[in-house]
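Reviewing the structure listed below.
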Number of protein chains: 2
Amino acid sequence: MFSAMQESPLYPIVNPKQIAFFGASNSFAAMGTYLLASVQALGFPGTLYPIHPQEETVRHLKAYRSVLDVPFVPDLAIIVLPTRLVIQTLEQCGQKGIKHAIVVSAGFKEIGPEGSALEQELVATAKRYNIRFIGPNCIGVTNPHQLLNTTFMHYKGPAGWIGMASQSGSFVTQMFDYLARLDLGFSTAFSVGNEANIDVVDCLEYLGACPHTRVIALYLEGLRRGRDFVRVAREIVPHKPIVALYVGGSSAGMRAGRSHTGALAGPDRLYEGIFRQSGVLRARNITELFDFCWVLGTQPPAKGRNVVIQTHSGGPGATAADACGRAGLELPALSANSMARLASFLPHTGSINNPVDITYSKNPLDYFQPIPQTLLEDEKTDVLLMYFLLTPQNVTQRLEQEGLSQEEALTQAQMMIDLQAESIAQLAKQYPKPLLGYNFRGDDDPFTQGLIQRGVPVFSEPERAARAIEALVRYQELKQKIATQNVSLVEQALFCK
Amino acid sequence: MFSAMQESPLYPIVNPKQIAFFGASNSFAAMGTYLLASVQALGFPGTLYPIHPQEETVRHLKAYRSVLDVPFVPDLAIIVLPTRLVIQTLEQCGQKGIKHAIVVSAGFKEIGPEGSALEQELVATAKRYNIRFIGPNCIGVTNPHQLLNTTFMHYKGPAGWIGMASQSGSFVTQMFDYLARLDLGFSTAFSVGNEANIDVVDCLEYLGACPHTRVIALYLEGLRRGRDFVRVAREIVPHKPIVALYVGGSSAGMRAGRSHTGALAGPDRLYEGIFRQSGVLRARNITELFDFCWVLGTQPPAKGRNVVIQTHSGGPGATAADACGRAGLELPALSANSMARLASFLPHTGSINNPVDITYSKNPLDYFQPIPQTLLEDEKTDVLLMYFLLTPQNVTQRLEQEGLSQEEALTQAQMMIDLQAESIAQLAKQYPKPLLGYNFRGDDDPFTQGLIQRGVPVFSEPERAARAIEALVRYQELKQKIATQNVSLVEQALFCK
């Protein structure tokens, strides 16, 4: 493990000061133009040197006929040229003294034997000049902390704390908007492409050392350095959780994985074993990959598997209980003390079992303050999972029926939302126990957004919440296990000396 | 099975002309007021008789001191009164000659022995007057085709074709908005509550005969008449699919289910067997319940398990292939003819395997017309599953970069969306094969909405799409199997005579 991210060959790739840019023009017919536009759109503060055979300026930047004409030695080259021009361009970069590159261009190993030969030549060229590069056949990198985004999609959302290395570019770019809606963002994200030089293990190592990264997300279709992966992951896991989605487990996925980046996707069981040895949490799909990151990066550690569910409706409570059971979580009975405290808040139709089903609130704010507080204070509670109804709809509907205008009703509803969401957020801060919510809709409802933006994850299904809680619990177990094993390995090594 | 829904005791409950309404006042402190407001909000065209001990009018309707004072005999009573008043009110309804009721009030069997005794008395009272009723402890019914919605949430969205019977009221009301976003709606939905008189099997029987209902959705925590359920379901399945979510399978869910409506939730395996015998498709959660309904109600029958995936990005293709594999679907190789036809549309970086990964479009419209058309015409294709990128974002971003104003860019993007979505919708109409889409975000993106509103389901994860396709295939198998078994049972019966 690096003691600092600056030691990684990836550091200049995601923290460059001066970039030579190949393949952008003044027309959006060229993919390179998109990428350069993205770099400009996020406001990259360094210097950009577009290289173009004819143009004087490219997107309002002074252009150079050749990289050899650039007055300084850029610390990074980004190459988005037709396949046939890539090798000679890298050669020129080498002559110029550039030591790092992102090769976006495709048409290499992924297309078959002819492409493989080209890729070998690319690797040899890089070696000759000591160039470290990411790609080819990737869509670049994103480091919003440095205002750097070399992908074709504009970066949205905050500079975040999810570090990602992905064998598919889509799971970087297509997640910008998705993550922003969950108030999440990338610390740094790598699309590794064909991994001809830098691979996903190098990225993992970088992200392990990156101080902006709280959680690491991996999208994998195959690993070439399995042993190194295990070693690096085991060094990271005691300090930082790693979540991986591996695709290729079913025969259908395996076939698809192979044709995608040319990596040999091995059988599912093999990867299951690698993840187990590494202490890596395995997600079943993209939604879970980021759900696990979401809770791991926002919630305090879960002390155990005991979940208390708070609901005001039986069906949502039952489905959440069912989901928790299936995810391997426990639903303890509440302590006598908690039950006595709750009794005063619940109508006679309510239930003080777990799920705590209040059926309806005698006082609307009870649901958001004394009831969850009582549940958080119960010593049997490790995690509190709350069902959130569509407050704004109910509130505005009611207020409009009482004769308020739509505008007044919305203002009143917003005040109510702020009060309730703030109350929950305060409890979440006050008690060192995970507190999560769920409903049965998307994440765009104002109340849900009010909670999410205050750091309370709210899931559109109880299954997502239950699986995420289980990941939170399991990480504590894995962290402990791997740390203990690491110590014992070190002791063994010392003993052997 | 009823030959017409009019034969069902539920018919007057969801198709009433005159309703006596107990429990509404002029204050929203009373739950009954909400429910009456909902009935008014959807524009119920029949007559409403609020019964109130003091008020002259309730929500601008003439009120009556007693139901005995109402000048006609209403065909339905809705009772939203405190528990202690319910039995005497039903007694009065009986004296008046009312034969049908919805008892919303809670505080019966679900709260324990005291409530159970009350519930027995309620049942006895109904029996004395030949009253059929739904409830108690339910939230009422919705039949948007008759502009009837007796729940506390306003009905949203179109009058649809999903018939629902639910042992949780939340999975009726909380779905109004969710379904509307998928351009779906209920034909008729029942919250069955404690099922003291009318139960979920009665509702199933009604929905089987209801001509507005294409697909039946069930939320179950327990069945009291298992044998009848199997018999009724088997009569319906050859004509109409039934999808059920059963909760109670894990020990946690079982506990929660028991305290909810007082039904004894049996072990998971028992229900698995009941569903298998009945030809009922089992959903694992609420999302799946409605996903299955969505494809079953909008898509032509799937001839088999062969899915072709179209993508322009490797990772999304690989995850969809993986999801299809895990769901038990096949990904056939394309015919030589299709491969030859596709070759002209694909750049050299593309792949003509399945998934068909075009990487990027030489002509943007190819992705929406000739490529999917070729795939639909391939004789090996039973189902086409397409990945849809965030077109509007890409398009507006590009157009803004080219100097258009935001407004112009949005107008242009909308034109592009309409063109692309219309092209897909036309193909879906032209070829008798299911065509579904997926992406990695919600359903509120304009392009996704453009497709959904044209009848093309688009799922926010490939797993959802794959599971829904599998349900579509399985329904054809179940339909065939149950129909054949039914015929053979009839033959056996004839032979015995």
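Within every chain, numbering begins at 1; the chains are lettered A, B, ... in the order of the sequence lines, protein sequences first and strands thereafter.
The part of B/D444 that comes within reach of chain A is its side chain, from C-beta onward, which places non-hydrogen atoms under 4.5 angstrom from that chain. Neither the backbone nor the side chain of B/T311 comes within less than 4.5 Å of any heavy atom of chain A. Using a 4.5 Å cut-off between heavy atoms, B/Y178 contacts chain A through its side chain alone, with no backbone atom that close. When heavy atoms are compared at a cutoff of 4.5 Å, A/S166 does not approach chain B at all. Neither the backbone nor the side chain of A/M31 comes within less than 4.5 Å of any heavy atom of chain B.
Applying the side-chain contact (heavy atoms from CB on, under 4.5 Å) test to A/S25 and every residue at least two apart in sequence or in another chain returns A/S27, A/A30, A/T33, A/H52. In this structure, A/F290 has no ring-ring contact (aromatic ring centres under 6.0 Å, His included) partners at least two apart in sequence or on a different chain.
Under the 4.5 Å side-chain criterion, counting only non-hydrogen atoms from C-beta, B/R326 is not in contact with A/N285.
Nearest heavy-atom pair, B/E221 versus A/A318, reported as atom, atom and distance to 0.1 Å: OE2-CB, 3.4 Å. Listed here is the closest heavy atom pair of B/E463 and A/R284: OE2-O, 4.4 Å. Across B/S168 and A/G315, no two heavy atoms sit closer than the pair OG-CA, 3.2 Å.
Between atom OH of residue B/Y219 and atom OG1 of residue A/T319 there is a gap of 5.5 Å, rounded to the nearest 0.5 Å. Within the model, atoms CG of A/D322 and OH of B/Y246 stand 8.5 Å from one another, a figure rounded to the nearest 0.5 Å. How far OG of B/S170 is from OH of A/Y387: 4.5 Å, rounded to the nearest 0.5 Å.
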